[in-house]
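Below is one structure, written out as structure tokens, with a few remarks after it.
Letters go in sequence order (proteins before strands), and every chain restarts at 1.
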2 protein chains.
Amino acid sequence: MTEPGTVRPGGRTARVRAAVLRAAEDALVEKGFDGLDLADVARRAEVGKTTVYRRWGTVAALLADLLTDMAEQSSPRAETGSLLGDLRANAGLVRRTLADPRQGALFKAVIIAAACDERAAAALRRFYRTRIAEWAPCVERAVAQGELPAGTDPHEVIKAVSAPLYYRFLASGDPLDEAAADLAARAAVAAARAGAYVRP
Amino acid sequence: MTEPGTVRPGGRTARVRAAVLRAAEDALVEKGFDGLDLADVARRAEVGKTTVYRRWGTVAALLADLLTDMAEQSSPRAETGSLLGDLRANAGLVRRTLADPRQGALFKAVIIAAACDERAAAALRRFYRTRIAEWAPCVERAVAQGELPAGTDPHEVIKAVSAPLYYRFLASGDPLDEAAADLAARAAVAAARAGAYVRP
DNA sequence: GCCTAAATGGAACTGGAGACCCGTTATGAC
DNA sequence: GTCATAACGGGTCTCCAGTTCCATTTAGGC
């Protein structure tokens, strides 16, 4: 006998979720965050409108779920042998992601959702924590080899690479070219070498 | 005789604009970007709904105007005598602005609007260009005095101070405390001293 | 003070997002 | 295979953001 309160993640339910998340991506790229409504997503996913409203309810909640989905697909980090090389690879990856029309629109929407909704914000924090933790070993190695001062906070260094790229993406509007990625990586290394990220 | 196409910025029109912008601020702080509708703004401003729709039309356009208004109120920069002191003052100002419940909500909304609407994005770029230009002299002085390498791009240094704070504000969700502001200023100075921001 | 047109405001209208009802499908335990 | 019920979906309704229309007010040139 099935207990009350049981969930059914199998078969159809999973198929519906995948179709809806995919449709939400498409709709976001085309219409952006503010032009998104759940009825349209349901149409694109060829799924009952009621289903979308029942399972997600709001645009922000849907994007929070999409974000959880994105966090599960890990992007492997580079191993170039040098700290600057690794951070350049990281900066290049972030830059290409944000500059890509599809992924860029997606990230914009997801960040907007996080700014509007606490659940989405929590999902976004988890997403970045995961990504940053994936790249932290590059910095840890550099600390172990004496290339960076002992006590340097690896997470802070990785964030320092992304920060100027996100600043361009969201605030200043300056171009997100390879030069920008290079600048971000070089500045992070320079500051880290000078001990700016040593934990107190 | 008044030519066709003449504008009337005087008296009532200016009063209406001020009331609407003020009401928009209040509504944003209370309900956030996605919970904002022009009808509500009109009610708060005690202004005809038609007027708001005719003059601004969309939330993004209204926020673009609000941004233009914000850009006009200049915030004077500090003169502490040292580069690190000046940049610390700048970082502290940015931090306090973003961490303040009212101003923070305002900036979030305006950045979201810029991500949704090209006019708002242009207004935001103008806003930051103005702010950055106001603080650039701090860096120029340091270059002139030989504290930073010749050819250092002053605007890039100022942006480097803001970037990690905005990253915390919008993406990572890490706390926006004084330690974060200090870190941002110190890292920018360290990278600048190392020549990371020397123009090629 | 007078006059014209720019600008505002009230009121009625409308389209579609989102809520609700209830019948249908298919999952998973036995 | 059978059954209970979780999950989906079509149809309908409601409400209100956004639009339109027209009367009223007022800025600003003479």
By salt bridge (charged side-chain N to carboxylate O under 4.0 Å, His left out) - contacts of [X] (at least two apart):
| X | result |
| --- | --- |
| A/Glu118 | A/Arg125 |
| B/Arg55 | none |
| A/Asp100 | none |
| B/Lys49 | none |

query: Can you list, by residue number, the residues of residues 109-117 of chain A that have a non-hydrogen atom closer than 4.0 angstrom to DNA chain C?
result: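 Residues of residues 109-117 of chain A that come under 4.0 Å of DNA chain C do not exist, since none gets that close.
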
- prompt: Contacts to DNA chain C from residues 29-38 of chain A, heavy-atom cutoff under 4.0 Å, which residues?
  reply: A/Asp37, A/Leu38

message: Enumerate the salt bridge (charged side-chain N to carboxylate O under 4.0 Å, His left out) contacts for residues 162-171 of chain A, please, sequence neighbours excluded, ordered by first and then second residue.
response: A/Arg168-B/Glu156

message: Taking A/Pro149's backbone N and O only, do any of them form a donor-acceptor pair with A/Thr152's side chain (distance below 3.5 Å, no angle check)?
response: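 Between the backbone of A/Pro149 and the side chain of A/Thr152 there is a qualifying donor-acceptor contact (under 3.5 Å).
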
- request: Have a look at the helix from C/dG1-D/dC30 to C/dC30-D/dG1 and give the angle its two end axes make, five pairs each, rounded to 10 degrees.
  value: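 Overall, the helix from C/dG1-D/dC30 to C/dC30-D/dG1 bends by 50° from one end axis to the other.
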
- request: Please work out which residues in residues 45-63 of chain B have a non-hydrogen atom less than 4.0 Å from an atom of DNA chain D and list them by number.
  value: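 Nucleic-acid contacts, sorted: B/Lys49, B/Thr50, B/Tyr53.
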
- request: Check the angle between the aromatic planes of A/Tyr128 and A/Phe107 and answer parallel, tilted or perpendicular using the 30° and 60° thresholds.
  value: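 Because their plane-to-plane angle lies in the 30° to 60° range, the rings of A/Tyr128 and A/Phe107 count as tilted.
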
- request: Tell me, please, which residues at least two apart from B/Arg96 pass side-chain contact (heavy atoms from CB on, under 4.5 Å).
  value: B/Leu93, B/Glu178

query: Which of the following nucleotides, C/dA17, D/dA17, C/dT8, is nearest to the side chain of B/Arg12?
result: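 Among C/dA17, D/dA17, C/dT8, the one nearest the side chain of B/Arg12 is C/dT8.
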
field: Residue pairs passing the side chain to side chain donor-acceptor pair (under 3.5 Å) test where at least one lies in residues 107-116 of chain B, sequence neighbours excluded
entry: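 As it turns out, there is no side chain to side chain donor-acceptor pair (under 3.5 Å) pair with a partner in residues 107-116 of chain B once direct neighbours are skipped.
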
task: If a pair satisfies side chain to side chain donor-acceptor pair (under 3.5 Å) and one of its residues is in residues 181-200 of chain B, list it, with sequence neighbours excluded.
output: B/Arg88-B/Asp182, B/Glu147-B/Arg193

